[in-house]
Amino acid sequence: MKKKYHQLNLLPIALLMFFLIGGLKTAFSQSNTAEVCQTITSRIIKNLTNNKPDNKLVAANIAAIKPDGTWPGVDYASKSITIWPPTEHLIKLQTLIKAYLTKNSGFYADEKVFQHINNALQYWYNLDPKSDNWWFNEIYTPQSLGESLIMMEHGEKKLDKELKLKLVERMKRGNPEKQAGANKTDIALHYFYRAVLTEDDTLLAFSLKEFFSPVGLVYKKEGLQYDNSYMQHGLQLYIAGYGDVFINSVFKLANYVKETPYALSADKVALLSNFYRNTFLKAIRGEYADFNIEGRRISRFDMLNLEKQIESGQILKASPQILIAKEVDPKNAVDWDSAIARITGKQEPSYNVKKLHTQYFNSDYTLHVRPGYSFNVRMVSNRTKRCESGNNENLLGRYLSDGATNIQVNGPEYYNIMPVWEWDKIPGVTSRDYATDRPMTVFWGEQGSNDFAGGVSDGVYGASTYALDYDSVKAKKSWFFFDNEIMCLGTGIKSNEPESITTAINQCWLKGSVESSLSRNPIAKDKTIQRNEKLSTWFLHDNVGYYFPQGGNITLSTSVQKGNWYHINNSQPKDELSGKVFKLWLNHGSKPQNASYAYIVLPGIKDAASLKKFEANNLKIIANNPAMQAVYHQKLNILQAIFYQPGTLTLPSMEIKTDKVCALMIKMINGKRLISIADPLQKEKTATLSLKDLKTGKTEQVTVHFPEGALAGSSVQYKN
Ligand code: CA
């Protein structure tokens with residue numbers, strides 16, 4: 001007898017929000033453009049002067065400025081593309097303006113300060129400095145000038161009208177209609193400033209239409225994706241970097257125009273809030289970002305620390321930006337406040353963190369979050385681009401997209417480690433082990449070449465899979481995610497190149513000692529242990545357990561590693577840095593033809609006693625071969641399986657047959673089966689699953705209808 005399976009709706013949250021919330025228009029009072037612009041101007045100034053100027057810094061900038069309005073030491077002629085020295089002039093100028101506007105600053109309404117401001121603006125107008133990077137000319141400079149001019153609207157004394165209008169004219173650079181994503185909103189922002197400065201309602205409406213137009217879901221385009229991720233520079237994962245810059249700038253503007261005729265609609269606020277809270281903030285542990293979400297910014301000093309990250313010479317703190325998001329979206333106050341508490345260190349990294357598993361089928365990324373840890377994976381496919389190098393940044397990030405696993409318990413495990421990393425042993429990655437790290441040769445995002453990548457998810461548990469085919473190395477890599485364990489399986493590892501092929505388990509800062517089943521005493525720094533183990537082996541370091549159920553050719557290094565930021569990013573300092581690194585990897589040897597591996601990561605484990613008690617049998621490897629990889633978690637009663645080809649998986653009590661490639665999860669709940677299934681190739685419309693009970697001989701069939709279009713690759717669920 002056939003049991004009937006019901007398909008459950010499992011629309012991505014992003015899409016659900018879109019349908020649930022209608023296009024509500026904010027009620028507004030009758031007001032003319034001048035009044036609206038005055039309201040907006042006050043809000044902009046309030047935001048810009050939120051951080052009170054440092055009086056010592058202001059005094060130093062006033063003491064140093066020359067009568068011609070220049071500062072000594074600023075290289076006004078520089079055309080540098082990443083750190084452009086003339087921005088120092090604009091930054092110093094803004095400190096003067098803020099001091100001039102701030103009561104009790106000691107410089108409030110000071111006539112001399114006003115003259116310096118005037119001179120500095122006049123000098124900038126006359127010289128019109130330009131960078132070889134269009135971003136400074138068409139985004140940074142007009143934005144900064146707009147901010148300065150708007151702030152001076154509330155000055156005790158107004159700027160000379162002619163100078164103001166000349167500078168407003170100078171702001172006319174860039175065209176938002178020709179740009180996408182964050183670049184579009186960045187240009188629209190200075191159009192908006194210009195509209196407010198000139199009280200031009202047509203320009204105001206145009207700038208806001210352009211500014212808010214990227215707020216919507218896109219498919220196979222740059223911007224906010226249906227899977228609630230963000231891509232830019234082609235279809236390239238950029239949740240942080242372009243993603244958070246985009247979201248923060250939109251929220252900033254939404255806050256400026258709220259309750260005016262130009263307010264952002266409620267459905268768009270919901271989309272933004274959903275991305276910010278449920279993707280960006282979920283990829284942060286404590287105050288530290290997952291290195292996978294940063295793109296080429298991974299090669300910049302301090303970038304992983306949300307309260308210390310530096311952009312264009314300024315420290316960008318995340319917490320005030322999250323407060324702005326809360327002002328625009330107060331109904332999610334608990335989420336915003338919890339994030340701020342974690343990021344500012346007022347609460348533990350686990351504070352208000354809930355279980356979550358999200359498969360990003362548009363951008364090839366997996367988030368697996370528990371109160372005690374994060375374990376996230378970055379993959380790539382021929383539908384997406386690999387993590388880029390560009391502007392001489394991220395020069396060695398060749399393998400950042402080959403199944404890189406970011407494992408965080410405390411938060412700072414990878415914070416500023418990048419200069420000393422061995423770049424062909426990125427955590428989680430299988431690759432050739434070169435004697436010297438190889439620089440990238442393709443810039444601005446190399447297109448992925450493998451068609452197989454993705455995963456199945458029910459929002460709490462899931463499995464991810466990636467058929468690596470890069471740099472003349474092939475491997476089938478999967479990750480099976482549960483509550484306390486992540487099983488990592490590799491098979492079909494093949495290469496004909498001379499280098500050894502290795503799988504890096506982790507490469508993070510060494511914190512304390514390492515305990516292991518291989519050693520009676522804790523392993524201190526400056527040790528390298530290499531063993532070819534046939535039996536189960538474990539390691540414990542910094543609250544993360546590593547369990548090798550079948551041993552393997554394992555190497556552990558706890559040595560000091562050296563490097564500098566410059567060798568991964570030419571805009572960064574050359575100072576030699578060093579630190580002790582915990583580096584654990586498996587060696588598959590030279591020219592493996594069908595090598596495999598298995599290891600279990602236990603993040604958040606307390607001590608060696610807990611690891612010794614770990615019941616590996618509870619987590620059974622059912623298959624690990626080029627046709628399929630499957631794991632069964634006995635306690636949770638969850639089976640996860642990857643079928644690289646149609647076939648049959650045999651369990652002690654059941655046989656599962658599929659006529660299509662798939663990623664499958666079967667969870668038993670109160671005697672009922674909950675099946676979640678996805679297509680990692682994103683090309684099938686249907687599949688037929690046959691589940692045969694080996695005791696009774698009864699077979700159940702499930703006809704699977706895979707989501708298509710923008711939702712291809714996402715999971716569908718069936719329940720009997
Ligand atoms: Ca190497």
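When a residue number appears, it is its place in the shown sequence, counting from 1. One-based numbering, in listed order, for ligands and for the atoms of each. Please read all numbers here as calculations on a predicted model, not as lab measurements.
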For the Ca ion (ligand 1), the nearest N/O/S atom on D433 is atom OD1

Can you confirm whether or not the ring centre of W421 sits under 6.0 Å from the ring centre of F291? yes

task: Give the ring-plane orientation class for F539 versus F548, where under 30° counts as parallel, over 60° as perpendicular and anything between as tilted.
output: perpendicular

Output yes when a side-chain donor or acceptor of N625 lies under 3.5 Å from a complementary backbone atom of A627, and no otherwise.
yes

*asked:* If I take every N, O or S atom of T502, is at least one of them less than 3.0 Å from the Ca ion (ligand 1)?
replied: no

Verify the ring-centre separation between F136 and W84: is it less than 6.0 angstrom? yes

Here the N/O/S atom of E422 closest to the Ca ion (ligand 1) would be OE2

